[in-house]
Structures are given as C-alpha cells and as structure tokens.
Amino acid sequence: MKQTEMSGYLKVITAGVGVLLAVFLFWFLPLVLKEPLTETAGENGYRGTCGLIWVSAVPAFLCLIRFWEICESIRRDRSFSMENAGRLKRMSQYMLADAVIYTGFLVWFFLAGWYRKAAWLIFPVFLAVFISVTLVVLCAALSHLVQKASEIQEEQELTI
C-alpha cells in the first residue's frame with residue numbers, strides 16, 4: 001500500500017469517526033440521558049451534564065484535526081517527523097484535558113449525591129476517564145517513538 005492510498009483511507013476513517021462522534025455527543029447522548037437525568041438531577045442537572053459532554057467534545061475534535069494533519073504528512077512521505085511527534089504530543093495533552101474534565105465530573109457526581117439516585121452513571125464516566133487516560137498514554141508513547149524515529153532518519157540522511 002502506498003502512502004497516498006494509506007493516507008486516503010486514514011482520512012476517510014477520521015472523517016467517519018468525526019461524524020459518528022458528533023452524532024453520538026450532540027444527538028444520541030442528550031436524547032438518551034434526558035429522562036433519567038431530569039428525574040435524578042432535574043432540568044439543570046441534565047443541562048449541566050450535556051454542557052460537560054459538549055465541552056469534552058472540543059479536545060476530541062482537536063485530536064481528530066491533529067490526526068488529519070498526520071495523515072497529510074503520511075501522504076507526503078513525512079511519517080516520522082518532529083511535526084508529527086509534536087502533533088501526537090498535543091493530542092496527548094488534549095486527551096489529558098478530557099480525563100481531567102471527566103474526573104472533575106466524577107468528583108462532582110459524588111459531592112452532589114447523584115450516586116444515590118443514578119449509580120448507573122458511574123460506569124460510563126469511569127469508562128470515559130479510562131479511555132481518555134489510555135489515549136493520553138498511547139499518544140505520548142507514539143510521540144516519543146516518532147520523535148526517536150525522526151532523529152534516526154535525520155542522522156541517516158546526514159550520513160548519506
């Protein structure tokens with residue numbers, strides 16, 4: 001598979017993930033959470049939770065934008081570059097912001113006493129924290145590896 005072909009596939013997947021994420025965060029979750037959250041925490045609790053979900057979408061979409069840029073680098077045969085290492089590092093930071101947002105929500109969840117009425121909500125929030133932390137570690141590790149590969153590639157080009 002050539003770089004341009006692989007880059008094209010990755011861009012299609014990235015666009016698909018972006019569309020599915022938007023539908024999930026802006027339509028599906030608010031629709032599914034409306035009744036149980038309104039009963040548990042009232043209208044303000046529901047609106048606050050939707051606001052938190054939408055705020056947490058910002059780092060996720062920023063990650064997709066950075067990944068699109070990485071796909072473009074792959075198309076130009078610049079997979080192992082310091083720019084991509086920086087993009088992966090920024091993606092790690094964006095996902096760290098998401099992990100902090102959801103951890104804060106979890107703390108607020110317990111302080112507000114929602115765990116008594118909406119214990120079912122604990123699992124999805126823990127899952128969001130786990131996925132965010134996993135992506136933080138993955139992006140940071142990939143950033144480090146791409147940076148090392150870039151340095152090796154640069155040394156090799158200088159030797160030749």
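Not counting sequence neighbours, Phe67 has no partner by the ring pair (Phe, Tyr, Trp, His ring centres under 6.0 Å) test. Residues passing the ring pair (Phe, Tyr, Trp, His ring centres under 6.0 Å) test with Phe28 are Phe24, sequence neighbours excluded. By the side-chain hydrogen bond (donor to acceptor under 3.5 Å, both in side chains) test, Asn84 pairs with Ser73, Arg87, sequence neighbours left out. In terms of the side-chain hydrogen bond (donor to acceptor under 3.5 Å, both in side chains) criterion, Gln93 has no residue partners (sequence neighbours excluded).
With Thr4 contributing its side chain and Arg75 its backbone, the two residues share no donor-acceptor pair below 3.5 Å. Put simply, the side chain of Thr103 gets close to the backbone of Ala99: a donor and an acceptor are under 3.5 Å apart. At distances below 3.5 Å, not a single donor-acceptor pair connects side-chain atoms of Ser79 with backbone N or O atoms of Ile74. A donor-acceptor distance shorter than 3.5 angstrom exists from the side chain of Tyr46 to the backbone of Pro30, with no hydrogens or angles considered.
Legend: side-chain hydrogen bond (donor to acceptor under 3.5 Å, both in side chains) pairs involving residues 11-39, not counting sequence neighbours, sorted by first then second residue: Lys11-Glu72.
Leu106 and Leu29 fall within the same hydrophobic cluster, defined by Ile, Leu, Val, Met, Phe, Trp and Tyr side-chain heavy atoms under 4.5 Å apart, directly or through other members.
From Leu88, atom CG reaches atom CG of Leu142 across 5.5 Å, with rounding to the nearest 0.5 Å. Taking CD from Gln147 and OG from Ser150, the interatomic distance works out to 7.5 Å, rounded to the nearest 0.5 Å.
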Side-chain atoms of residues 120-137: list all donor-acceptor pairs with protein atoms under 3.5 Å, sequence neighbours left out, distances to 0.1 Å.
unit_1, atom_1, unit_2, atom_2, d
Ser132, OG, Ala128, O, 2.8
Thr134, OG1, Phe130, O, 2.7

